[in-house]
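Only a predicted model underlies this, so the values are computations on that prediction, with no experimental measurement involved. Here is how names work: the chains are called A, B, and so on, in the same order as the sequence lines, proteins then strands, and each is numbered from 1.
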Amino acid sequence: MPELPEVETTRRGLCPLLVGRLVTGVTVREPRLRWPVPDDLGTVLTGQALRGIGRRAKYLLFQMDAGTLIAHLGMSGSLCVVDAGTPPGPHDHVDIAIEGGTLLRLRDPRRFGSLHWTADDPAGHPLLRELGPEPLGDAFDGRYLFRRSRGRRVAVKAFLMDSHIVVGVGNIYAAEALFAAGIHPARAAGRVGRERYERLAQAVRSVLAAAIQAGGTTLRDFKGGDGRPGYFQQTLSVYGRAGKPCPRCGTAIELTRQGQRATCHCPACQR
DNA sequence: CAACGGACCTGCCTGC
DNA sequence: TGCAGGCAGGTCCGTT
């Protein structure tokens, strides 16, 4: 489910409901996520106030008095705020009880998500330390992509999805950005020119910004932190549209496979 | 160092 | 209708 726009939508939805409040307890029903939920999470969090919610890549950063709770939603995770006493569903693995009678509830059917605690600067956490720049930040542009791609023979789509290069560009938005820039997804990253990387960087920014604006993509059942669904799926040009006409030229969108990942592109518009 | 495949899980959809 | 098989939005890790 979550790509960067979904995570950002979740962050924005949760902020007004949680920031400034005290954690009064933690219930872990299923600690076996991608990494085990820390044993002492309840002990650590209880009694601390939430000072703010940040984001780095697809990690949500819950800034507490004494450190940061780092959350990743994996492929199927979601966070929502419910009234205390709401019975947990089958995959509601963790509840963080909030002062005032609500719960921050983590649901994650596939359990690819994770929770981590750090008392230090989260930027130095092993999971965050090696990450590339934020796609909507100043450090990300065409010049940067051009420089990092020299000599790389990996497909440009895989290059764009490599979190060491740039974070937050998942399968959907990589496909959409490459379409917008007119670049074939299988082209070697090192064989894309400076001009085209300018267009690609711009496309990444605008596709992500538009998705955030729209409240995130809904593939199945994405809900923002406030429980409202995202509506971006209606504007996808190539992703999930195999066999349908390209919105620009009408040619049938092609479905191919790169490694394990399905990829859609227009064989006429993308070179 | 770069590239690739495997691994982690469950739910949902398709087709037999 | 039931069931097997394939597929899904992420990303870390080990091997070549």
**Student:** If you find the nucleotide of DNA chain C closest to A:A262 and the one closest to A:A57, which residue's nucleotide is nearer the 5' end?
**Tutor:** A:A262
**Student:** C:dC7 C1' sits how many Å from A:N171 CG, rounded?
**Tutor:**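 Rounded to the whole Å, the gap is 12 Å.
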**Student:** A:N171 and side-chain hydrogen bond (donor to acceptor under 3.5 Å, both in side chains): which single residue from A:Q258, A:K157, A:E3 fits?
**Tutor:**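 Looking at A:Q258, A:K157, A:E3, the match for A:N171 under the side-chain hydrogen bond (donor to acceptor under 3.5 Å, both in side chains) is A:K157.
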**Student:** What base-paired stems does DNA chain B take part in, with at least 3 consecutive Watson-Crick or G-U wobble pairs and both distances under 3.5 Å?
**Tutor:**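 Stem list for DNA chain B: B:2-8 with C:10-16, B:10-16 with C:2-8.
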**Student:** Are A:L14 and A:W117 connected into the same hydrophobic cluster when the rule is that any two of I, L, V, M, F, W, Y join if their side-chain heavy atoms are below 4.5 Å apart?
**Tutor:**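 Same cluster.
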**Student:** Check the distance between C:dT11's P and A:E130's CD and give it to me in whole angstrom.
**Tutor:** 15 Å
**Student:** Rounded to whole Å, please give me the gap between CG in A:L236 and C1' in C:dG9.
**Tutor:** 11 Å
**Student:** If you look only at distance, which donor and acceptor atoms sit under 3.5 Å apart when one is on a side chain in residues 187-194 of chain A and the other is two or more places apart or in another chain?
**Tutor:**
residue	atom	partner	partner atom	Å
A:R187	NE	A:R271	O	3.4
A:R187	NH1	A:R191	O	3.3

**Student:** Applying a 4.0 Å non-hydrogen cut-off, can you work out what A:Y59 is touching in the nucleic acid: base, sugar-phosphate, or nothing?
**Tutor:** sugar-phosphate
**Student:** State whether A:D95 and A:R29 are salt-bridged, where the test is any N-O pair (Lys NZ or Arg NE/NH1/NH2 against Asp/Glu carboxylate O) under 4.0 Å.
**Tutor:** yes
**Student:** Please enumerate all residues that pass salt bridge (charged side-chain N to carboxylate O under 4.0 Å, His left out) together with A:R56, with sequence neighbours excluded.
**Tutor:** A:E134
**Student:** How many Å lie between NE2 on A:H93 and P on B:dC9, as a whole number?
**Tutor:**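 Taking NE2 of A:H93 and P of B:dC9, I get 11 Å after rounding.
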**Student:** Look only at the side chain of A:E176 and the backbone of A:Y239, and say whether a donor-acceptor pair between them is shorter than 3.5 Å.
**Tutor:**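 Between the backbone of A:Y239 and the side chain of A:E176 there is a qualifying donor-acceptor contact (under 3.5 Å).
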**Student:** Give a yes/no on whether any side-chain N or O of A:H91 is located under 4.0 angstrom from OP1 or OP2 of B:dT10.
**Tutor:** no
**Student:** Counting only heavy atoms not in A:D39 (residues, nucleotides, ligands), do more than 12 fall under 6.0 Å from its CG?
**Tutor:**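 Not more than 12 within 6.0 Å, no.
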**Student:** For A:H72 and C:dC12, what is the distance between atoms NE2 and P respectively, to the nearest whole Å?
**Tutor:** 7 Å
**Student:** At under 4.0 Å, does any side-chain N or O of A:R261 touch on OP1 or OP2 of C:dG9?
**Tutor:** yes
**Student:** So is A:R148 actually on top of A:F159's ring, under 6.0 Å and inside 45° of the axis?
**Tutor:** no
**Student:** Return the polar atom pairs (N/O with N/O) between nucleotides 3-6 of chain B and the protein under 3.5 Å, or none.
**Tutor:**
residue	atom	partner	partner atom	Å
B:dA3	OP1	A:R153	N	2.7
B:dA3	OP1	A:V154	N	3.0
B:dA3	OP2	A:R152	NE	2.6
B:dA3	OP2	A:R152	NH2	2.8

**Student:** Using side chain to side chain donor-acceptor pair (under 3.5 Å) as the criterion, list what pairs up with A:R34, not counting sequence neighbours.
**Tutor:** none
**Student:** Ignoring hydrogens and angles, tell me if any N or O in the side chain of A:R199 forms a donor-acceptor pair with the backbone of A:A181 under 3.5 Å.
**Tutor:** yes
**Student:** I need the residues from residues 108-125 of chain A with at least one non-hydrogen atom less than 4.0 Å from DNA chain B; give them sorted by number, or say none.
**Tutor:** A:P109, A:R110, A:R111, A:F112
**Student:** A:R257 has a side chain; which of C:dC12, C:dC7, C:dG9 sits nearest to it?
**Tutor:**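 The listed nucleotide nearest to A:R257's side chain is C:dC7.
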**Student:** Round to a whole Å and report the spacing from CZ of A:R55 to P of C:dG10.
**Tutor:** 14 Å
**Student:** Tell me: CD1 of A:I172 to C1' of C:dA8, nearest whole Å?
**Tutor:**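 After rounding, the reported distance stands at 10 Å.
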**Student:** Hey, are A:H265 and A:T263 close enough side-chain-wise for a donor-acceptor pair under 3.5 Å?
**Tutor:**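 Absent: no donor and acceptor within the cut-off.
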**Student:** Can you find a pair of side-chain heavy atoms, one from A:D92 and one from A:T86, that are under 4.5 Å apart?
**Tutor:** no
**Student:** Sticking with atom P, work out how far C:dG6 lies from B:dG6, rounded to a whole angstrom.
**Tutor:** 14 Å
**Student:** How far, in whole Å, is C:dC7 from B:dG5 if one measures between their P atoms?
**Tutor:**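 Nearest-Å result for B:dG5 against C:dC7 at atom P: 15 Å.
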**Student:** Within this structure, what is the CD-to-P distance between A:E8 and C:dG9, rounded to whole angstrom?
**Tutor:**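 It is 22 Å, rounded to the nearest whole Å.
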